[in-house]
Amino acid sequence: MTLMDDRTSGNHVGRSLRRKEDPRLITGQATYVDDINITGLLHAAIVRSPEAHAKILSIDASAAMARDDVHAVYTGEDMADLLAPLPMAWAPDGVEVHNPEHWPLARGEVKHVGDPVAIVLGTDRYAVIDAAEDVLVEYEPLPVVTDIEQALEPGHALVHEQFGTNEVHKWSLGGGDMEAGFAAADVIIERRVVNHRVSGAPIEPRGVLADYKAGAITVHTSTQVPHFVRLFMGLMLGISEERVRIIAPEVGGGFGAKLQVTGEEMLCAWASRKTRKPVKWIETRSEHMATCHHGRDQIATVRLGAKRDGTLTAMHADIVADMGAYLMLLTPTIPSLGAFVMGGVYKIPAITTDITGVFTNKCATDAIRGAGRPEATHMVEVCMDQLADELGMDRLELRRKNFIPKEAFPYETALGIVYDSGDYHAALDLLMEKLDLPALEREKEELAAKGIRRGIGFSTYTEICGLAPSRVTGPAGFGLQTGLWESAIVRVTVTGAVTVYTGTSPHGQGHETTMAQVVADKLGVDPQNVEIMHGDTGTGAMGLGTYGSRTTAVGTESVARASDKVVEKAKAIVAHALEAAPEDIELRDGKFSVQGSPDKGMTLAEVSGMAHVRPELLPEGMAPGLDETSFYDPNNFVFPFGAHACVVDVEEDTGKVKVVRYVAIDDCGPAINPTIIDGQVHGGIAQAIGQALYEHVMYDEDGQLVTGTFVDYALPTAAELPSFETDRTETPSPVNSLGVKGIGEAGTIAASPAVLNAVVDALRPLGVTYLNMPLSSESVWNAITEGSRA
Amino acid sequence: MSDEVAISVTVNGQVEHVRVEPRLLLVHLLRDELGLTGSHVGCDTSNCGACTVQLDGQSCKSCTVLAVQADGSEVKTIEGMGTEDDLHPLQEGFWAKHGLQCGYCTPGMIMAAADLLERTPNPTEEEIRHGLEGNLCRCTGYHNIVKAVQHAATAMQSAEVSA
């Protein structure tokens, strides 16, 4: 497959064009959910459980109902007409998954702090919040489960009595001879690796505006997956799918937090149908922290074996993962996504990941940026440093020795996963060129004299993204009960304007620009005249949404393929008009012409004009119009990769960690828009630094959330982060015609082990050889004071 | 519900006479009563800064000010900064330097940066980073926000020189 077919026809791909999205965003004219109002709408406030686990004895809404500005109060009992509980999309063959019913409003019991109990509807935004305070709920507290390791002990209190256990499921992925692998090892290290609970925390909280009219419902929701929401809303409410329209308007960040089919969406839609009025719910930040799914929360026992010369022989990860109180759309699948790239960029003959999912009385976990892959990469890369230390070997030499060489691609890992392409040495070479390690090492001594410990940490990674391919991810494979294809419509109007409809649903990634660049080059037009429509189930192409770094590798590829079909038809039209053969028509400088006679030709607008206004001039039997659809399901995932380095200075007296430099080399194939790629990498790294140093969703032993606002849950600010030094290598993927791989999650997947390894590197002279995240000043200071060894 | 209070606020140069509940937050006056939805709400605790506007020339988080406190004051919001045909140098800087992704924090970020540049016309990177400490962005890692503010500072300085 050649890279960039028809590159001759345009030159927008590969350039850092300014984003088409930005004019509306920088002038305050963008329309997010809460910016939309419909006359007569009711505001909703949700009454939520203050208990982590309790029986609901009674709900008294009379005081709330007595208020003039309250229209209605509904509880779980009022919603008995729902046809199905909230969805969980995974049903793998041969794996038992305990999946409790999960309703938009609790029925009988609450299972975590923030579990919704009632909805209050009224005419005023502030009044419904007051009224929600007036709803009296009597609870009988039940024993609370918070510790995932204790939760599995026999006789421990249960989150869901009916299963007789807190275990959700067990799942394994392995390949190669583990026994022989570990037997062949001269050195085996074992580490307990913690990936603690984090929040996605997009700055726009979730929000829903549902409007039921005459048997059809239109819902504006801040989501990454409008088509999933449509499907399940139809099924739950008993509304035929064609009468459900879901619109994701401007969406203020997702990071996985909005890859969900939520109870609040169903609740607002149901309430709108019930009241025959539009219903709007806008999440408060406190609600977001307590009830929008969290991510990570895995404790792993990782064993890594190697020969004395550093040759890796086997890797085993035994992961206990906190699922929280309910299984949401993808909850139990998340650790498994990491298992697919356990082993990272290394040749390891035997790899196994064993996963145990556990219920606790906490908010559910699910996909948060990276979704399983940051956890796995953290395990691999932290343990590589630990192994190097054990072997007395340079950590980069150990990595280089075990890299899958570029000649080996496509490379089938011990797990049977086929990595599409890679050149790991090239990425690390470029990183080292930028880093100047000797200078950094020299500064160590100087800084140490001032009580500052300098550390340098590395992470060389690959990740699996472009989710798809359905044959692997779907019912016959991994067990998701859906395909993960994308579709696109490329429509050329009578004036030559191009409108593209994609089933993906971007929310900040800049796909209106990057897709337009690809289409513009394909069709020989200006990207300014290519409009990308997304996030509306009522206006065009179907698809599965934006997550898993799939929108470029799957969505844009489907856009490219639909564009190719348009070009094919245009060439047939031009060939007919110029009395030439279609294969002799080329598109050059915005004109379709016969090869060798560029003066005689037609622009896309002229072709489209003919196709719409003079269909009688088209070739015999050809339908009018210039409007093509393409469905695309790739034959493999794509595997971006790279090499990152983090430089930290740790204050010996306080334990405070400062990231002073961060250098990232990433490879996502040929760049469509380099500046947008850099932006994705910056944000991804920042989110991982946040996890490594500051962010931690914490519950106390009673299941009370203690990080319920941005006061306690510390997102990094501009003052905590350095400027990032980024660069790229470009290794095309053979999977799609554009050669592209995803980049949205790469920074987050790569960065946390680089930070952790840097801090350990800084503290080794003080006797600290191992640490777990989060590296708060307190935990680092304690480690310095007490010494911390694996 | 409770007794409303008559106030006058000049918003982006336009005098607005409105009756408001005493507890109404300035951000909700702007968004829900005056239709200026460019100022956003991202938290309950005045941490995120998405609602930042200028009140009598100083940046302020409009979720932390009651509308009645703005009585007699001048408020400037993102809608008063510039239009797509006539961008403020900060808006231009954010566009040119890819200082935004989802755009939700952007209006507040621009309003806070405007105040910063008012006080410190030629800020260092460190001064920009500390100056915007009260505004959270989850998308950009702040890298290009810093560049955007530097870009605007340079543009505004050279505009001043040539003026």
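The figures that follow rest on heavy atoms only: side chains count, while hydrogens, waters and symmetry mates do not. We name chains A, B, ... by the order of the sequence lines, and we start the count at 1 in each one.
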Check your understanding: Are side-chain heavy atoms of B:C139 and A:F255 found at a separation under 4.5 Å?
Key -> yes

Practice item. Could you tell me whether a side-chain N or O of B:E133 sits under 3.5 Å from a main-chain N or O of A:A719, the two making a donor and an acceptor? Key: no

Exercise for review: Counting only heavy atoms closer than 4.5 Å, note whether B:L24 contacts chain A via side chain, backbone, both or neither.
Suggested key: both

**Study point:** Contacting region of B:E126 [heavy-atom separation from chain A under 4.5 Å]
**Key:** neither

**Study point:** Side chain / backbone / both / neither for B:L136 at chain A, heavy atoms under 4.5 Å
**Key:** both

Study note, to complete from the structure: One option among A:G684, A:G747, A:G683 has the most heavy-atom pairs under 4.5 Å with chain B, and it is A:G683

Review point. Counting heavy atoms not belonging to B:E127, are there more than 12 under 6.0 Å from its CD?
Key: yes

Check your understanding: Using a cut-off of under 4.5 Å for heavy-atom pairs, which of B:S39, B:A96, B:A50 has the most such pairs with chain A?
Key -> B:A96

Revision key, fill the gap. Smallest heavy-atom separation, A:R285 atom then B:C43 atom, equals CB-CA, 3.4 Å

Practice item. Look only at the side chain of A:R19 and the backbone of B:H98, and say whether a donor-acceptor pair between them is shorter than 3.5 Å. Key: no

Point to revise | Closest non-hydrogen atom pair between B:R23 and A:A127, with its separation | key: NH2-N, 4.0 Å

Exercise for review: Spell out, as yes or no, whether a donor-acceptor pair under 3.5 Å connects the side chain of B:R138 to the backbone of A:E204.
Suggested key: no

Exercise for review: Determine yes or no for a side-chain-to-main-chain donor-acceptor pair under 3.5 angstrom, with B:R31 supplying the side chain and A:D34 the backbone.
Suggested key: yes

Practice item. Over all heavy atoms of both residues, which pair between A:I26 and B:Q91 is shortest? Give the atoms and the distance, please. Key: O-NE2, 2.9 Å

Review point. Which bit of A:P716 comes within less than 4.5 Å of chain B, counting heavy atoms only: side chain, backbone, both or neither?
Key: both

Point to revise | Short side-chain donor-acceptor distance under 3.5 Å, A:E21 and B:Q101 | key: no

Check your understanding: If you tally heavy-atom pairs under 4.5 Å against chain A, which of B:G38, B:G42, B:G103 wins?
Key -> B:G42

Point to revise | side-chain contact (heavy atoms from CB on, under 4.5 Å) assessment of B:T83 paired with A:T27 | key: CA-CA 6 Å; B:T83 63; A:T27 54; 5.6 Å; no

Exercise for review: Verify side-chain contact (heavy atoms from CB on, under 4.5 Å) between B:N47 and A:Y713, making sure each step is shown before the conclusion.
Suggested key: CA-CA 10 Å; B:N47 286 86; A:Y713 188 84; over 6 Å; no

Point to revise | Whether B:Y142 side chain and A:E720 backbone form a donor-acceptor pair below 3.5 Å | key: no

Revision key, fill the gap. Closest non-hydrogen contact found for A:R125 with B:D32 is NE-OD2, 3.0 Å

Check your understanding: When rounded to the nearest 0.5 angstrom, what distance separates OG1 in B:T140 from CD in A:Q680?
Key -> 10.5 Å

Point to revise | Between A:I676, A:T709, A:V681, A:I685, the one whose heavy-atom pairs under 4.5 Å with chain B are most numerous | key: A:I676

**Study point:** B:L87 versus chain A, the contacting section by heavy-atom distance below 4.5 Å
**Key:** side chain

Study note, to complete from the structure: Most contact-rich option vs chain B, by heavy-atom pairs under 4.5 angstrom, among A:I689, A:T717, A:V251, is A:T717

Check your understanding: Does any N or O in the side chain of A:H682 come within less than 3.5 Å of the main-chain N or O of B:H143, such that one atom is a donor and the other an acceptor?
Key -> no

Review point. When heavy-atom pairs shorter than 4.5 Å are enumerated against chain A, which of B:E84, B:M81, B:H88 gives the highest number?
Key: B:E84

Practice item. Locate the shortest heavy-atom distance separating B:C102 from A:Y32; write the atom from each residue and the value. Key: O-OH, 2.8 Å

Review point. If you count heavy-atom pairs under 4.5 Å with chain B, which of A:A686, A:G253, A:S286 comes out on top?
Key: A:S286

Practice item. Return the option, out of B:L132, B:L100, B:I128, with the maximum number of heavy-atom pairs under 4.5 Å with chain A. Key: B:L100

Check your understanding: Which atoms of B:K147 come close to chain A, meaning under 4.5 Å heavy atom to heavy atom: side chain ones, backbone ones, both, or neither?
Key -> side chain

Study note, to complete from the structure: Ranked by heavy-atom pairs below 4.5 Å to chain B, first place among A:L25, A:I203, A:D124 goes to A:I203

Review point. Looking only at heavy atoms, which two atoms of A:F724 and B:G141 are closest? And how far apart?
Key: CE1-O, 3.6 Å

Practice item. Against chain A, label B:T106 side chain, backbone, both or neither, depending on which of its atoms sit under 4.5 Å from a heavy atom there. Key: side chain

**Study point:** Within-4.5 Å side-chain heavy-atom neighbours: A:P202 and B:Y104
**Key:** no

